[in-house]
Amino acid sequence: PWLFTANEGGADAGWSILDVENPEEPELYGPFDVEGGAGVHTIIAFGEDHVIVSGTGRGIVIYDVTDPESPVEVGQFQATGHSATAQSPEDPGHTHPGGYVHDTQVRGDYAYLAHWNHGLYVVDLSDPSDPVELGERMVARLREMGADAILAEIRDASGASDLLGS
């Protein structure tokens with residue numbers, strides 16, 4: 001079994017893999033950084049051999065972790081017009097962290113992204129190398145309510161349809 005760790009800042013900013021098959025002597029792989037990104041706020045496993053990292057300023061970045069010594073970036077999704085330097089609509093002139101995906105949850109082939117002050121995005125991950133936006137919705141006070149509180153309500157794709165009004 002593997003555990004994944006995220007580190008937002010400092011010399012070890014990025015993410016790591018811990019093989020905990022032998023819990024008395026876990027084996028560390030990493031830390032790995034996100035090319036062109038900042039530290040990692042959230043990392044979540046999905047499918048048999050993939051992880052998503054977010055909070056880097058690059059939207060979500062998808063890695064194949066089949067070889068834990070050498071993860072391979074296989075995909076990325078960044079909402080149009082959003083980046084680490086994107087302006088927050090609620091705080092003009094404020095560039096951090098308005099463009100960041102703050103948190104991610106995965107249910108089946110769908111990723112639900114809490115995109116800080118820019119709302120909730122639903123992304124199809126059925127092809128990890130080509131994530132596709134299915135919809136987005138501005139959710140009032142997403143940042144204040146906490147991404148986990150909203151994402152915890154999502155159970156499956158039908159929940160996304162209800163949330164997105166489709």
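Residues: numbered from 1 along the sequence shown. Fair warning: this is a prediction, and the values are worked out from it, not measured in the lab.
- The distance from atom CD of Glu69 to atom CG of Asp19, rounded to the nearest 0.5 Å, is 10.5 Å.
- Between the side chains of Thr104 and Ser54, at least one donor N or O sits under 3.5 Å from an acceptor N or O.
- Ring orientation note: the planes of Trp2 and Phe4 are nearly perpendicular, at an angle over 60° on the 30°/60° scale.
- When the options Ile52, Asp109, Ile62 are evaluated for a side-chain contact (heavy atoms from CB on, under 4.5 Å) with Pro131, the one that passes is Ile62.
- At distances below 3.5 Å, not a single donor-acceptor pair connects side-chain atoms of Asp33 with backbone N or O atoms of Glu35.
- The hydrophobic clustering, which links ILVMFWY residues whose side-chain heavy atoms are closer than 4.5 Å, places Tyr121 and Phe46 together.
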Give the intermediate values and the outcome of side chain to side chain contact (heavy atoms under 4.5 Å, CB included) for residues Glu27 and Leu18. CA-CA 6 Å; Glu27 189 169 355; Leu18 280 168; over 6 Å; no
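- Cluster annotation: Tyr63 and Phe32 are assigned to the same hydrophobic cluster (Ile/Leu/Val/Met/Phe/Trp/Tyr, side-chain heavy-atom contacts under 4.5 Å, transitive).
- In this structure the side chain of Pro31 never reaches within 4.5 angstrom of the side chain of Trp15, judged on heavy atoms.
- Heavy atoms only, all atoms of each residue included: Leu120 and Ala114 are closest at CD1-N, 4.4 Å.
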Do Val40 and Asn7 pass the side chain to side chain contact (heavy atoms under 4.5 Å, CB included) test, and can you show the C-alpha distance, the side-chain angles, and the key distance before you say yes or no? CA-CA 5 Å; Val40 173; Asn7 188 351; over 6 Å; no
Where do His50 and Val74 land on the side chain to side chain contact (heavy atoms under 4.5 Å, CB included) test, with the steps shown first? CA-CA 9 Å; His50 291 91; Val74 295; 4.0 Å; yes
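- Put simply, the side chain of Ile60 does not reach to within 4.5 Å of the side chain of Val53, judged on heavy atoms.
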Begin from the C-alpha positions of Val106 and Tyr112 and carry the test side chain to side chain contact (heavy atoms under 4.5 Å, CB included) through to its verdict. CA-CA 6 Å; Val106 175; Tyr112 301 89; over 6 Å; no
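- Considering all non-hydrogen atoms of both residues, Pro71 and Val65 come closest at CB-CG1, 4.2 Å.
- Side chains of Gln78 and Arg58: a donor-acceptor N/O pair is absent below 3.5 angstrom, by distance only.
- Separating the CD1 atom in Ile17 from the CG atom in Leu3 is a distance of 10.5 Å, to the nearest 0.5 Å.
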